[in-house]
Amino acid sequence: QVQLVESGGGSVQAGGSLRLSCSTPVYSYSSSSYYMGWFRQAPGKEREGVAAIGRDGSTTYADPVKGRFTISKENAKVTLLLQMNSLKPEDTAMYYCATGRTYGWRELLHPDGYNSWGQGTQVTVSS
């Protein structure tokens, strides 16, 4: 497991933007061993995948956020980012970053494939 720390959450009005960051201990030269993702969980709901980056750098997004959210990673020591634009009240949730290394795992938006999780950062969008 790796230690992950999220930041950047907060409260914003609908239509606004936030940028979430997740610091990881993974160095870029070894980042191809990991897939990384952002998940969210609203009260009373199951945790759901939002966006993910595969080992090959390919990205995938959940339908509700396509065209509004962008996942990326940067720095020699990988920081996982989630740029969230045109936020909606239904985006309100606790957001978590996660990493996984399961060989052959392809369902990048499914939480079962991830074994390291951050503590989460709250995002609240008001109408």
Side-chain angles (χ1 to χ4, degrees):
Q1 294 189 352
V2 298
Q3 185 174 6
L4 309 175
V5 180
E6 302 99 335
S7 61
S11 297
V12 65
Q13 289 191 327
S17 298
L18 285 172
R19 189 189 197 211
L20 305 184
S21 297
C22 174
S23 63
T24 83
V26 177
Y27 285 90
S28 60
Y29 60 78
S30 64
S31 65
S32 61
S33 298
Y34 296 84
Y35 44 87
M36 301 181 179
W38 285 98
F39 294 78
R40 66 187 182 187
Q41 188 167 17
K45 294 188 177 181
E46 292 188 353
R47 189 169 296 189
E48 62 177 0
V50 174
I53 293 181
R55 289 189 176 94
D56 61 356
S58 61
T59 57
T60 186
Y61 296 91
D63 286 344
V65 307
K66 283 181 180 177
R68 301 189 297 123
F69 291 11
T70 303
I71 189 172
S72 61
K73 55 183 181 179
E74 64 179 27
N75 294 340
K77 201 169 186 181
V78 174
T79 298
L80 187 66
L81 303 172
L82 185 68
Q83 178 66 43
M84 305 186 296
N85 298 328
S86 302
L87 283 162
K88 304 176 181 180
E90 51 263 43
D91 294 319
T92 295
M94 186 72 79
Y95 282 70
Y96 301 88
C97 65
T99 64
R101 300 183 67 179
T102 303
Y103 179 77
W105 185 266
R106 290 180 173 82
E107 297 181 55
L108 296 182
L109 295 180
H110 198 293
D112 285 356
Y114 293 78
N115 62 349
S116 294
W117 294 83
Q119 294 300 305
T121 185
Q122 179 68 37
V123 171
T124 302
V125 184
S126 58
S127 57

Worksheet item: Quick one: does Thr92's side chain have a donor or acceptor within less than 3.5 Å of a partner on Val125's backbone?
Response: yes

Worksheet item: Taking Arg55 for the side chain and Ser33 for the main chain, is one N or O donor matched with an acceptor at less than 3.5 Å?
Response: yes

Fill in: Rounded distance [0.5 Å steps], CG in Leu18 versus OH in Tyr95
9.0 Å

Worksheet, complete the sentence: Between His110 and Phe39, the two heavy atoms sitting closest are C-CE2, 3.9 Å

Worksheet item: Is the side chain of Tyr35 donor-acceptor paired with the backbone N or O of Thr102 at a distance under 3.5 Å, no angle test?
Response: yes

Practice prompt. Give the cluster check for Tyr34 versus Leu4: same hydrophobic cluster or not, with ILVMFWY residues linked at side-chain heavy-atom distances below 4.5 Å.
Written response: yes

Worksheet item: Roughly how far apart are Leu80 CG and Lys73 NZ, rounded to 0.5 Å?
Response: 8.0 Å

Worksheet entry | Where Trp38 and Leu20 come nearest, the two heavy atoms and their spacing | CH2-CB, 3.6 Å

Worksheet item: Shortest non-hydrogen contact from Leu82 to Ala51?
Response: CD1-CB, 4.1 Å

Fill in: Separation of Thr70 OG1 from Arg68 CZ (nearest 0.5 Å)
11.0 Å

Discussion item. I need the minimum non-hydrogen distance between Ile53 and Leu108, along with the two atoms involved.
Written reply: C-CD1, 4.2 Å

Fill in: Where Met36 and Ile71 come nearest, the two heavy atoms and their spacing
O-CD1, 4.2 Å

Practice prompt. Could you tell me the separation between the CD atom of Gln41 and the CD atom of Glu48, rounded to the nearest 0.5 Å?
Written response: 9.5 Å

Worksheet entry | Minimum heavy-atom distance between Ser127 and Pro89, given as atom pair plus value | CB-CG, 3.9 Å

Discussion item. Test of understanding: clusters of I, L, V, M, F, W, Y form through side-chain heavy atoms closer than 4.5 Å, transitively. Do Trp117 and Leu109 belong to the same one?
Written reply: no

Discussion item. Could you check whether any side-chain heavy atom of Asp112 comes within less than 4.5 Å of a side-chain heavy atom of Trp105, counting everything from C-beta outward?
Written reply: yes

Worksheet entry | Close side-chain approach of Arg101 and Asn115, heavy atoms under 4.5 Å | no

Fill in: Separation between OG of Ser32 and CG of Asp56, rounded to the nearest 0.5 Å
10.0 Å

Worksheet entry | Glu74 atom CD, over 12 foreign heavy atoms within 6.0 Å | yes

Worksheet item: Do Asp91 and Met84 come within less than 4.5 Å of each other through their side chains, counting heavy atoms only?
Response: no

Practice prompt. Report the residues that fulfil salt bridge (charged side-chain N to carboxylate O under 4.0 Å, His left out) with Asp63, sequence neighbours left out, ordered by chain and then residue number.
Written response: Lys66

Fill in: Separation between CD of Glu6 and CD of Gln122, rounded to the nearest 0.5 Å
12.0 Å

